[in-house]
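Data first, discussion second: the structure below is written as structure tokens.
Computed from a predicted model, the values in this text were never measured in an experiment. As a basis for the values below, the full set of heavy atoms in this structure was taken, side chains included, without hydrogen atoms, waters or symmetry mates. Just so you know, ligand 1 is whichever comes first in the structure, and atom 1 is the first atom listed for that ligand.
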Amino acid sequence: MAQKQIAIFASGSGSNAENLINYFRQSKMADVGLILSNKISAYVLMRAKNLSIPSIVVSNSNLKNQPESILDVLAQFNIDYIVLAGFLRKIPKELIKAYPNKIINIHPALLPKFGGKGMYGANVHKAVKQANQTQSGISIHLVNQAYDEGQIIFQAKTNLTTTDTAKTIEKKVRALEIKHFPIQVENYIKQHNNLT
Ligand code: GRF
């Protein structure tokens with residue numbers, strides 16, 4: 001089977017993107033062929049440059065109003081799967097239609113709790129702290145048109161104590177992201193293509 005091509009969409013620092021790129025460099029299954037960001041100042045673009053991965057910036061208005069132009073770019077790069085790694089905009093329905101069950105997101109909490117609009121980055125961990133949760137974790141899920149509501153394909157948990165702060169919760173959750181995200185994306189692509 002030809003290697004599947006992954007595009008990573010990211011709006012921020014891109015530590016997950018970098019981890020995915022490095023992981024898939026060793027994988028026969030798939031490779032990261034493109035980084036897309038909606039933010040020209042996002043550090044993920046610097047990481048892409050340093051790792052020699054092509055990148056594009058798409059404005060929020062293009063994302064919303066000209067999804068066809070994004071589909072064209074994805075086609076040019078032969079993209080099979082889209083992985084969202086800290087991408088803070090809604091995915092247009094045209095992309096969801098063109099990539100059915102082929103868009104994967106990571107959410108830094110145990111969905112269905114602490115998901116939905118406004119629940120991103122530090123907000124999530126602050127909400128978890130405020131709700132006195134004894135556990136948090138990561139949810140890797142398929143993307144449909146509602147925020148954070150697509151089918152969950154993997155979750156991992158971490159225990160919290162009363163001394164945890166939003167910052168330490170974030171640290172624990174990030175460790176889970178780095179450990180599990182690339183492997184779970186690879187497993188999903190394998191299963192999705194009926195490979196063993
Ligand atoms: C991660 O916590 C991810 O789960 C979330 O946004 C953060 C992105 O961090 N949705 P980075 O850009 O990968 O460093």
Could you check Q5 against D80 for side chain to side chain donor-acceptor pair (under 3.5 Å), going step by step and ending with a plain yes or no? CA-CA 5 Å; Q5 290 299 309; D80 302 294; 6.0 Å; no

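Scanning all protein heavy atoms for the shortest distance to atom 14 (O) of ligand 1 gives S15 OG, 2.5 Å. When hydrogens are left out, the protein atom nearest atom 10 (N) of ligand 1 is I106 O, 3.4 Å; that is the closest non-hydrogen contact. Of the protein's non-hydrogen atoms, the one nearest atom 3 (C) of ligand 1 is E177 OE2, 3.3 Å. From the protein, the heavy atom lying nearest to atom 12 (O) of ligand 1 is G14 N, 2.7 Å. R174 NH2, 2.9 Å is the protein heavy atom nearest to atom 9 (O) of ligand 1.
Taking each of G86, A17, S11, S13 in turn, the one with a heavy atom nearest to atom 5 (C) of ligand 1 proves to be G86.
The side chain to side chain donor-acceptor pair (under 3.5 Å) with D164 is formed by just one residue from the set K172, K171, K129; it is K172. For the side chain to side chain contact (heavy atoms under 4.5 Å, CB included) criterion with I70, the lone passing option out of V58, I91, I82 is V58. No option in L84, I152, I138, V124 other than V124 meets the side chain to side chain contact (heavy atoms under 4.5 Å, CB included) test with H107.
In E170, neither the side chain nor the backbone holds a heavy atom less than 4.0 Å from any atom of ligand 1.
For the pair A10 and ligand 1, no heavy-atom separation below 4.0 Å is found.
Around the NZ atom of K39, the shell of radius 6.0 Å holds no more than 12 heavy atoms that belong to other residues, nucleotides or ligands.
Using cut-offs of 30° and 60° for the angle between ring planes, the F9 and F87 rings count as perpendicular.
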